[in-house]
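Chain A is the first sequence line, chain B the second, and so forth, proteins listed ahead of strands; every chain is numbered from 1.
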There are 2 protein chains.
Amino acid sequence: MAGIDRSLVADVPIFAGLAPEQIDKLLQEAQSVRYPKGTNVFQQEEEAHSFFVLLHGHLRVFKLTPDGQQVVVRFVAPGELFGVAMAIGRKTYPATATAVVDSIALVWPSTAWPRLVATHPGLAVNTLQTVGRRLEDAHTRVVEMSTEEVERRIAHTLLRLAQQAGRKIEAGVQIDFPITRQDVAEMTGTTLHTVSRVLSAWESQGLVAGGRQRIMIRDPHKLLLLAEGAHD
Amino acid sequence: MAGIDRSLVADVPIFAGLAPEQIDKLLQEAQSVRYPKGTNVFQQEEEAHSFFVLLHGHLRVFKLTPDGQQVVVRFVAPGELFGVAMAIGRKTYPATATAVVDSIALVWPSTAWPRLVATHPGLAVNTLQTVGRRLEDAHTRVVEMSTEEVERRIAHTLLRLAQQAGRKIEAGVQIDFPITRQDVAEMTGTTLHTVSRVLSAWESQGLVAGGRQRIMIRDPHKLLLLAEGAHD
DNA sequence: CGGGTCGTTGAGGTCACTCAACTCCAGTGG
DNA sequence: CCACTGGAGTTGAGTGACCTCAACGACCCG
């Protein structure tokens, strides 16, 4: 495996504040692995053998309930750390990660984690902040599911997706990876039918534009008003 | 302020694996503060001046929505770390913590955190695991709210409360602090009316026993069956 | 050109919320 | 000691947001 260029990870927050030589050393221990669209990077309940940084592509992380329902935990964008089960003291992955498009990730063996944090103390601090932000996201989601009706939850979810993975185009903000109504339903705790109805209504008002596995936000401002509770 | 006895925190997970002298040093920097029932330890949006370990009592941590609704994030039990906003990179507290009974906490100034983790590397690792466990809890809650109807959510919540703060008594497991139907409603994303109806039904079946701000689980096994989806 | 995934839309049903009235303590103050 | 007040809990009736069930249409890919 060829060496991995430091510039690839210059903007990866997990490495923030580390010296260039330190980053080089970390990269030397990593493998770069390709995950074709549709394949799993890791699976729920599986032993947490590795942790990862996504270099390219997008992943869908979801949990499977005992009765077979899926709940989307989040989508992973390039530059993000994921699969840190071991770091938070778990033996197995709590969810499954699937590539929604062809993706590439840096892979470290989980066994290296204790040594890496021992030699690079900044790593634990950065990871703590990353996990902390995810905790906040999860709490935000709990609050929304507890207090908002479906339409507002969908609006908030789309705005968040646009922020994390939006690509500005002349007609609006495109969500930069294939995403289905079912996905949105599994992020908001509703059904694909309800999502479809809501998006159809919004489309006829010029708020969003759809397509197969595509969502574009044409009027973020109006959508935000909806999300924040404006009735009409 | 008198010195704080090391034995008080012997079982506090956040200090696990630290040498006794290290723990002593950490304790020297802490203050022990009393919070009478009903008072706030910290408030949402307030500057994150301190972080804490609860020594005695119970706290109710909740988020306030813009329109005034409350959502209970969790209850803090003795031995737990809380208020770590600064450690996860926040300037302000994301929620409010209120003492539900007279409580005592160890208090460190947030400014000491960077120095403490630098001198005690185990601290960051332990905190990472604590925050990670909380992230899992939050995700569990999201999954439950997405896929389970109210009755099962309430059952799961009671079982979790019993595990975290249950006191075994001859007739069952008492939840060890005052908790209202409203609290349970705010943990499960429902209304106090629905919680009251469900608990009344369960009480008549001998599953639980109630009282003003009291919940006791008389038949944990049957409750678990309900939580796991047994229909009747 | 078939088969499967994805999306749309209608009709009907229902779970849980809203609104409302009432009861029962616990604590306070006269 | 008792009246008073407010927080907590119970329970009923009605409604509505959303789910379920169902059928169909559109698109992609081999």
Does any non-hydrogen side-chain atom of B/Phe82 lie less than 4.5 Å from one of B/Val61? no

Measure from the side-chain N and O atoms of A/Arg167 to the backbone N and O of A/Gln174, and report whether any donor-acceptor pair falls under 3.5 Å. no

Touch check for B/Arg181, heavy atoms < 4.0 angstrom, all strands: base, sugar-phosphate only, or nothing? sugar-phosphate

Would you kindly give the CD-to-C1' distance between A/Gln182 and C/dC6, to the nearest whole Å? 10 Å

Which whole-number value in Å describes the distance from A/Arg212 CZ to D/dC28 P? 7 Å

Apply side-chain contact (heavy atoms from CB on, under 4.5 Å) to A/Lys63 and list each qualifying residue two or more places apart in sequence or on a separate chain. A/Gln44, A/Val73, A/Pro94, A/Ala95, B/His139, B/Val143

Check this for me: A/His49, atom NE2, are more than 12 non-hydrogen atoms of other residues, nucleotides or ligands nearer than 6.0 Å? yes

Minimum heavy-atom separation for A/Leu226 to A/Arg152, with atom names? O-CG, 3.5 Å

Could you state the atom-to-atom distance from CD of A/Glu203 to P of C/dG7 in whole Å? 12 Å

Across the strands shown, which category fits B/Ser196 at heavy-atom distances under 4.0 angstrom: base, sugar-phosphate, nothing? base

Without decimals, in angstroms, what is the distance between A/Ile154 CD1 and D/dC18 P? 9 Å

Integer-rounded Å distance: D/dG9 C1' and B/Ile179 CD1: 14 Å

Protein heavy-atom contacts under 4.0 Å, written 5' to 3' over nucleotides 10-19 of chain C as B (base), S (sugar-phosphate only) or - (none), form the string BB----SSBB

Would you kindly give the CG-to-P distance between A/Leu192 and D/dC19, to the nearest whole Å? 10 Å

A/Ile215 CD1 - C/dG7 C1' separation (whole Å): 12 Å

For the pair B/Arg133 and B/Glu80, find out whether any cationic side-chain nitrogen is under 4.0 Å from an anionic carboxylate oxygen. no

Ignoring backbone atoms, test whether B/Ser200 places a side-chain nitrogen or oxygen under 4.0 Å from the OP1 or OP2 oxygen of D/dT11. yes

